[in-house]
Amino acid sequence: MKRPFPLTAQARPVARSTARMAGWTLAAVLLLGCVWLATAQQGAPPNNAEIHTLHVQGNVSMLIGAGGNIAVQTGKDGVLLVDTGLEQNADKVLAEVKKLSTGMIRNIINTHVHADHTGGNAKISAAGSEIVGGNFAGQVGGSSSALIIAHENVLNRMSAPTGKESPVPSGGWPSDTFFTNQKNIFFNGEAIEIIHIPSAHTDGDSIVFFRRSDVIVAGDIFVTTSYPIVDLARGGSIQGVIDGLNRIIGLAIPAEKQEGGTYVIPGHGRLCDQADVVEYRDMTTIIRDRVQDMIKKGMTLEQVKAAKPTRDYDPIYGATTGFWTTDMFVEAVYKSLNFKK
Ligand SMILES: [Zn+2]
Ligand SMILES: [Zn+2]
């Protein structure tokens with residue numbers, strides 16, 4: 001597949017609308033990779049993914065095509081990844097990372113539990129090595145794997161699966177979890193904030209803010225390829241998604257009168273800036289309000305669907321087929337608003 005978006009930050013402003021159009025081609029491919037809702041109807045997708053690398057800004061690059069988008073931060077301390085793509089693409093991800101840096105993979109951060117973001121955890125962390133300081137260095141003999149950092153709900157979901165899911169082997173589990181609102185690390189000369197957003201896309205979402213590079217990794221709280229995806233079964237809610245989008249908007253600073261400033265890597269789709277997230281947040285908020293009004297009027301889910309509260313946005317975000325259709329989105333909004341009563 002040809003790369004359907006601009007290659008450099010410089011090329012991006014002129015090509016925005018083209019990129020948006022072409023993004024739909026990419027979207028179709030990326031959505032095929034999002035297996036978490038589709039496990040019942042498919043086996044593993046064919047291993048023909050092409051992975052593209054885009055330098056975003058500062059020390060951060062973006063890998064596209066492995067499942068969910070992957071962020072790679074490189075520097076003198078080694079390599080840090082945010083998410084690892086689908087399991088079957090792990091070798092390709094490792095090959096792309098090697099092109100960016102010969103350093104050891106030290107840290108992996110997971111934005112959430114879904115397999116298109118964590119599937120490569122086991123293989124990629126095994127290829128790396130945790131930094132062990134001081135007196136402990138001798139004790140582990142250098143045989144450890146890269147640290148996998150995530151909110152504790154990610155570990156809970158992986159290690160206590162319901163009867164419907166196959167268990168995730170322990171090699172892919174987070175090895176360093178946190179239960180607070182935020183975890184900070186310092187790596188490659190850069191402060192990195194890992195910010196938990198409660199009950200959004202799932203109940204274990206984190207956004208990752210590279211402060212020096214000025215790049216935010218949104219995970220699936222923000223995707224450019226569909227309406228917001230709310231995994232109700234794994235603790236998601238529409239209000240949490242809106243809260244997460246607002247948090248990203250609050251952290252991001254736009255360049256004056258032009259695109260750029262803080263860049264935002266979505267869970268799926270093309271590279272964005274603050275204005276893109278504002279637009280998406282507004283759309284999400286408007287649809288939430290419409291559905292909320294309909295609920296107040298006592299409308300049933302079927303009546304709400306029939307009233308088409310998303311109609312004016314459907315040409316951009318709507319879908320009647322695939323893993324996240326407009327009907328599924330409206331249903332998720334309806335149920336998560338009704339749930340809070
Ligand atoms: Zn995803
Ligand atoms: Zn997801």
Side-chain angles (χ1 to χ4, degrees), residues 34 36 56 60 62-63 67-73 79-85 105-121 124-125 146-159 168 172-188 190-223 228-231 234-252 262-269 272 277 280-281:
C34 215
W36 58 274
V56 177
V60 177
M62 169 182 178
L63 304 189
N69 288 327
I70 296 173
V72 185
Q73 185 233 31
V79 178
L80 178 148
L81 299 186
V82 183
D83 288 342
T84 56
I105 296 173
R106 300 294 191 179
N107 294 294
I108 293 167
I109 301 169
N110 284 152
T111 59
H112 65 290
V113 67
H114 290 149
D116 54 323
H117 298 258
T118 60
N121 276 8
I124 292 170
S125 82
L147 212 58
I148 303 175
I149 304 167
H151 188 270
E152 68 173 2
N153 287 343
V154 173
L155 177 60
N156 293 343
R157 296 274 175 201
M158 281 189 187
S159 56
V168 176
W173 293 0
S175 49
D176 182 11
T177 60
F178 65 101
F179 58 88
T180 48
N181 292 334
Q182 184 163 341
K183 180 184 174 72
N184 299 326
I185 60 174
F186 195 85
F187 187 68
N188 284 329
E190 172 156 53
I192 303 165
E193 299 181 20
I194 306 164
I195 301 164
H196 173 54
I197 308 292
S199 189
H201 171 66
T202 67
D203 61 7
D205 296 313
S206 296
I207 58 175
V208 182
F209 180 28
F210 293 92
R211 279 171 35 170
R212 195 181 189 94
S213 299
D214 202 10
V215 175
I216 298 167
V217 185
D220 282 355
I221 286 175
F222 176 53
V223 299
I229 304 158
V230 182
D231 187 353
R234 291 180 184 78
S237 77
I238 191 65
Q239 189 53 50
V241 170
I242 292 173
D243 293 345
L245 294 169
N246 279 324
R247 192 70 192 267
I248 294 166
I249 291 165
L251 289 171
T262 309
Y263 277 106
V264 180
I265 299 177
H268 297 264
C272 292
V277 187
Y280 195 80
R281 186 271 321 264

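Just the heavy atoms: all of them, side chains too, but no hydrogens, waters or symmetry mates, feed the values below.
- A heavy-atom distance below 4.5 Å is found between the side chains of Ile192 and Val208.
- Side chain of Thr262 to main chain of Ala252: no donor-acceptor pair is present (N/O by atom type, distance under 3.5 Å, no hydrogens or angles).
- A donor-acceptor contact shorter than 3.5 Å is absent between the side chain of Ser175 and the backbone of Leu147.
- Ala146 approaches Ile105 most closely through the heavy-atom pair CB-O, 3.4 Å.
- Rounded to the nearest 0.5 angstrom, Asn69 CG and Phe222 CZ are separated by 10.5 Å.
- Side-chain contact between His268 and Asp116 is present, with at least one heavy-atom pair separated by less than 4.5 Å.
- Heavy atoms only, all atoms of each residue included: Ala218 and Val264 are closest at CB-CG1, 4.2 Å.
- Atom CZ of residue Arg281 and atom CD1 of residue Ile249 lie 4.0 Å apart, to the nearest 0.5 angstrom.
- Looking at heavy atoms from C-beta onward, Ile194 lies out of side-chain contact with Phe209 at the 4.5 angstrom threshold.
- Here the side chain of Gln182 pairs no donor or acceptor atom with the backbone of Glu193 at under 3.5 angstrom.
- Using modelled atom types, one side-chain atom of His151 and one backbone atom of Asn153 make a donor-acceptor pair closer than 3.5 Å.
- Around the CG atom of Asn181, the shell of radius 6.0 Å holds no more than 12 heavy atoms that belong to other residues, nucleotides or ligands.
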Residue pair Asp203, Arg157: steps toward the side chain to side chain contact (heavy atoms under 4.5 Å, CB included) verdict: CA-CA 9 Å; Asp203 61 7; Arg157 296 274 175 201; 2.6 Å; yes
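- Closest non-hydrogen pair, Ser199 versus Gly236, comes out as OG-C, 3.9 Å.
- The salt bridge (charged side-chain N to carboxylate O under 4.0 Å, His left out) search around Glu152 returns none, not counting sequence neighbours.
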message: Would Val154 and Thr177 count as a side chain to side chain contact (heavy atoms under 4.5 Å, CB included) here? Give the steps.
response: CA-CA 8 Å; Val154 173; Thr177 60; over 6 Å; no
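- Nearest heavy-atom pair, Gly85 versus Ile70, reported as atom, atom and distance to 0.1 Å: N-CD1, 3.6 Å.
- Contact detail for Val230 and Ser237: the closest heavy-atom pair is CG1-N, 3.5 Å.
- For the residue pair Pro228 and Tyr280, the shortest heavy atom distance occurs at N-OH, 2.9 Å.
- Taking 4.5 Å as the limit, every side-chain heavy atom of Thr118 sits out of range of all side-chain heavy atoms of Val168.
- Note that CG of Leu251 is 4.5 Å distant from CD1 of Ile216, once rounded to the nearest 0.5 Å.
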message: Using the rule given for side chain to side chain contact (heavy atoms under 4.5 Å, CB included), can you reason through Gln73 versus Val215, listing the C-alpha separation, both sets of side-chain angles and the distance that settles it, and then say yes or no?
response: CA-CA 10 Å; Gln73 185 233 31; Val215 175; over 6 Å; no
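- In this structure, Asn121 contributes its side chain and Gly172 its backbone to a donor-acceptor pair below 3.5 Å.
- Put simply, the side chain of Asn107 never gets that close to the backbone of Ile149: no donor and acceptor are under 3.5 Å apart.
- Ring pair His112/His117 is tilted by interplanar angle, where 30° to 60° counts as tilted.
- Checking side-chain atoms of Thr202 against main-chain N and O of Asp231 turns up no donor-acceptor pair under 3.5 Å.
- The shortest side-chain heavy-atom distance between Ile197 and Ile207 falls under the 4.5 Å cut-off.
- Ile185 has its side chain within reach of Leu80: a pair of non-hydrogen atoms, C-beta onward, lies under 4.5 Å apart.
- Note that CZ of Phe186 and CZ of Arg211 are 9.0 Å apart. Values are rounded to the nearest 0.5 Å.
- One distance of note links CG of Asp176 with CG of Leu155; it measures 11.0 Å at 0.5 Å rounding.
- Between atom CG of residue Asn110 and atom CG of residue Asp205 there is a gap of 11.5 Å, rounded to the nearest 0.5 Å.
- Residues Ser213 and Tyr263 fail the side-chain proximity criterion, which asks for heavy atoms closer than 4.5 Å.
- Contact of the Phe178 side chain with the Ser206 side chain is registered, since non-hydrogen atoms from C-beta on lie closer than 4.5 Å.
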